[in-house]
Engineer: 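My questions all concern the structure below.
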Amino acid sequence: MTRKDKIFYGVMMIKDYSAKSAQPQPKITEQIAALLFNGQAGLLSPDHYEKMYPPRTLPKGAMVTRFAPSPTGLMHIGGVYMSLINKRLAEQSGGVFFLRLEDTDAERYNDDAVNTIVHALTKVGLLPHEGVVGQHLGQMQQKGNYGTYVQSQRKEIYHSFARHLIERGLAYPCFMSMEELDDIRAKQTLTKQRPGCYGKWAKWRDASVEQVQQALAKNLKYVIRLKALGSYERRLTWHDEIKGDISVPENDVDVVLIKSDGLPTYHFAHAVDDHLMRTTHVVRGDEWLASVPLHLQLFQAFGWQPPKYAHVGPIEKLDTQADGHHSRRKLSKRSDPEANVQYYFQKGFPVEAILEYLTHLIASSFEDWRRQNPEKPLAEFAINFKQFSPHGALSDFDKLTSISKDIIANLDAETLYRRALEWALEWDQPLAALMKNHVPITKNALNIERGGERRSKRLATWQDLRSQLFFIYDELFQQLPSLPFTDRPESDGRQAILSKFLKDYQPTWQKQEMLDYAKEMAIGFGFAPNSKTFDKNPGQYKGHFGDVMMVIRVAICGARETPDLWEVMQVLGVERVRQRLKNALHHGAAR
RNA sequence: GUCCCCAUCGUCUAGAGGCCCAGGACAUCACCCUUUCACGGUGAAGACACGGGUUCGAAUCCCGUUGGGGACGCCA
């Protein structure tokens, strides 16, 4: 066993806690629990749930992981990132990846959220094996034997475990009002003390049965708080799979376990659910790191083996302050459009590009692996906690774009057409219509510079299709307000080149024949045979060979940047080529 | 205010005391190739935050400083 593998949980288990604290007043805590829960006659015992959700039978070393989003609206790119990590870890170890809906905040709940999440995960191929997999006609669709995976439907379970804690003196009802809480915090801030409900501030911690009874009689709202086991003077050490060994003061705050609306807080639900769902590894954003002492204490209170924790640094963005200084911050779904996965879909990044980019963020060694295994499915790249860096990563669109170019460049024309059309159908219907009305020419155009040794990377995203394809469609070509000729040669020179080329053009020309012809023509018109010659004596020539080709290119394609001109001409066909040359001449080869 | 985490080129990072006057990828620049743009090729520039230790030797270990991030809710 290496130092890093050492588990610290065992050390901090306080075995005789219940004997020490609960013994003096076991009856009282049971009476209080009874007061609180007698109305819920059907409440089952924790034992019942333990049997209902037995340990999973999985191969040794199998990881059970999860993605636990709260349904507040959009799908954050970080959510895809977390799903990717969790799903890979589970699959690579022969385990299970499930999705649990953390919908315990009634105020932030959003109706479409589940569909948004599931739709996004479906799209990127990261649907969970178990848990919430959809929503149909207002009904959650779920898979798996450890459900329900919707927290708002698990109220009885949380209450059962909360009652258990209260009976044993490990939790208690607290009737403090919001105003009282605000007061306390104000006092604490003023006197520079730690904020929170702990020690002497936790005034309901040791309340009598009578006090509870009276408060209930007055119909006061209450929450259930943890009776914190820790002392701020002592330190707790544990091992995080990514951050390493961490040491902090123990938790002594009586945090809320059950809110006054009866729903659990994140912390309590995490402990109960991840225990009952038999999660082995909790891999989540590192904003949760500071709650680990509390979470470990909850597991300790129940006498459960806690899961292993891995806290992943966030995807960040560079923020420029008013004073010009730069600072990093987590991508915010409110102010950063690129926080939303939908943004990447709309931009037209292929799903593989998004996933490979995120994988690169997990482990930059991925790019070496990819170079060595260009054909292998991404899922075969093995990830492990050692590869994670402990800090967050800046989102880098240049890198994403580069990956995306590589991926698109490696698609064959048929696949490219299918994928591109799929995207256009959703995001650019006019283009989709053209693609569908002109299938052969579109596929031929997409096939240019494809498949050979040197694949062009002119398409970075599906959004680039339009600018790369418009000139093969007369419908779009004719909408061009003008032809983007360059200054060299001027209009007369352009006229001369175009009319001669039109006259001599042979549709049977092979590529080299056409280039040979064009070069001869260029020289005949007083152009240099190549740019090097021209650059040496610019005064002697009207321009160079490339300039002549550019005139023809612009006339035929209406663009200065195109794939190989001869290839484009083959795709367009003789008629259209002649037509466009004539058209350019007709307009006096004007810009 | 308290607590925690983090710190290598612009970015993602490799680096587990000598293989490192620090390697790769993206981005940038130059040149070459070339019918334009891409592609491809070659090359350049570019980092161990700072200060102390420990050691024969430190990017790597320790301490401190600075900087960045996070947590301290009946939000997750």
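Chain A is the first sequence line, chain B the second, and so forth, proteins listed ahead of strands; every chain is numbered from 1.
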Engineer: Rounded to the nearest Å, what distance is computed from the NZ atom of residue A:K187 to the C1' atom of nucleotide B:U2?
Structural biologist: 20 Å
Engineer: Rounded at 0.5 Å granularity, tell me how far CZ in A:R100 sits from OG1 in A:T279.
Structural biologist: 6.0 Å
Engineer: Check this for me, if you would: do A:R329 and A:D336 make a salt bridge, where the nitrogen-to-carboxylate-oxygen distance has to be below 4.0 angstrom?
Structural biologist: yes
Engineer: Should the pair A:D406-A:R370 be classified as a salt bridge under the 4.0 Å nitrogen-to-oxygen rule?
Structural biologist: no
Engineer: B:G24 and B:G17: how far apart are their C1' atoms, nearest whole angstrom?
Structural biologist: 23 Å
Engineer: Roughly, in whole Å, what's the span from CZ in A:R370 to C1' in B:C26?
Structural biologist: 17 Å
Engineer: Can you tell which of B:C12, B:C26, B:U8 lies closest to the side chain of A:S402?
Structural biologist: B:C26
Engineer: Determine the contact category for A:S389: base if any of its heavy atoms lies under 4.0 Å from a base atom, sugar-phosphate if only primed atoms, P, OP1 or OP2 are that close, otherwise nothing.
Structural biologist: sugar-phosphate
Engineer: With a 4.0 Å cutoff (strictly under), does any side-chain N or O of A:K532 reach OP1 or OP2 of B:C33?
Structural biologist: yes
Engineer: Sticking with atom P, work out how far B:A71 lies from B:G64, rounded to a whole angstrom.
Structural biologist: 25 Å
Engineer: Ring centres of A:Y344 and A:F397 under 6.0 Å apart?
Structural biologist: yes
Engineer: Determine whether A:T533 and A:N530 satisfy the following criterion, side-chain hydrogen bond (donor to acceptor under 3.5 Å, both in side chains), listing intermediate values before the conclusion.
Structural biologist: CA-CA 6 Å; A:T533 314; A:N530 55 52; 2.6 Å; yes
Engineer: When we call it a touch if two heavy atoms are under 4.0 Å apart, what does A:L515 touch: a base, just sugar-phosphate, or nothing?
Structural biologist: base
Engineer: Determine the Euclidean distance between corresponding C1' atoms of B:U66 and B:C29; express it in Å to zero decimal places.
Structural biologist: 33 Å
Engineer: Which nucleotide in the list B:G1, B:A38, B:C4 gets nearest to the side chain of A:K192?
Structural biologist: B:G1
Engineer: Between the side chains of A:D368 and A:R371, is the shortest nitrogen-to-carboxylate-oxygen separation below 4.0 Å, so that they form an ion pair?
Structural biologist: yes
Engineer: I'd like to check A:P484 versus A:R560 (side-chain heavy atoms, cut-off strictly below 4.5 Å). Are they in contact?
Structural biologist: yes
Engineer: Report, as a single string ordered 5' to 3', how protein heavy atoms within less than 4.0 Å touch nucleotides 68-76 of chain B: B base, S sugar-phosphate only, - not at all.
Structural biologist: -SSSBSBBB
Engineer: Take A:D273 and A:Y158 through the test side-chain hydrogen bond (donor to acceptor under 3.5 Å, both in side chains) and record every step on the way to the result.
Structural biologist: CA-CA 9 Å; A:D273 290 347; A:Y158 304 123; 2.7 Å; yes
Engineer: Tell which nucleotide pairs with B:A25, taking only Watson-Crick or G-U wobble pairs whose two distances are both under 3.5 angstrom.
Structural biologist: B:U11
Engineer: Under 4.0 Å, counting only non-hydrogen atoms across every strand here, what does A:S395 touch: a base, just sugar-phosphate, or nothing?
Structural biologist: nothing
Engineer: Of the listed nucleotides (B:C5, B:U13, B:G24), which one gets closest to any side-chain atom of A:S364?
Structural biologist: B:U13
Engineer: So does A:H311 get a side-chain nitrogen or oxygen closer than 4.0 Å to the phosphate oxygens (OP1/OP2) of B:C6?
Structural biologist: no
Engineer: Rounded to whole Å, please give me the gap between CD in A:E567 and P in B:U36.
Structural biologist: 15 Å
Engineer: Under 3.5 Å, is there a donor-acceptor pair between the side chain of A:K542 and the main chain of A:F525?
Structural biologist: yes
Engineer: Using a heavy-atom cut-off of under 4.0 Å over every strand shown, decide if A:R450 touches base, sugar-phosphate, or nothing.
Structural biologist: nothing
Engineer: Is A:D105 paired with A:R108 through a side-chain N to carboxylate O contact shorter than 4.0 Å?
Structural biologist: yes
Engineer: Give me the distance, rounded to whole Å, that separates B:C12 from B:U55 when you measure between the C1' atoms they each carry.
Structural biologist: 33 Å
Engineer: Under a 4.0 Å heavy-atom cut-off, which of residues 542-553 of chain A touch RNA chain B?
Structural biologist: A:F545, A:M549, A:M550, A:R553
Engineer: With a 3.5 angstrom cut-off on both distances, give the Watson-Crick or G-U wobble partner of B:A30, or none if there isn't one.
Structural biologist: B:U42
Engineer: Using atom C1' in both nucleotides, what's the gap between B:A30 and B:C48 to the nearest angstrom?
Structural biologist: 28 Å
Engineer: Could you measure between the two P atoms, the one in B:C26 and the one in B:G73, and give it in whole Å?
Structural biologist: 46 Å
Engineer: Assign A:D564 to base, sugar-phosphate, or nothing according to its heavy-atom contacts below 4.0 angstrom with the strands shown.
Structural biologist: base
Engineer: Which listed nucleotide (B:C6, B:C12, B:C4) is nearest to the side chain of A:V248?
Structural biologist: B:C4
Engineer: For atom P, what is the distance between B:C6 and B:A49, given to the nearest Å?
Structural biologist: 15 Å
Engineer: Say you pick atom P in B:A14 and the same atom in B:C9; how far apart are they, in whole Å?
Structural biologist: 12 Å
Engineer: Looking at A:R450 and A:D412, does any basic side-chain N land under 4.0 Å from a carboxylate oxygen?
Structural biologist: no
Engineer: Name the pairing partner of B:U2, where a pair is Watson-Crick or G-U wobble with both distances under 3.5 Å, or state none.
Structural biologist: B:A71
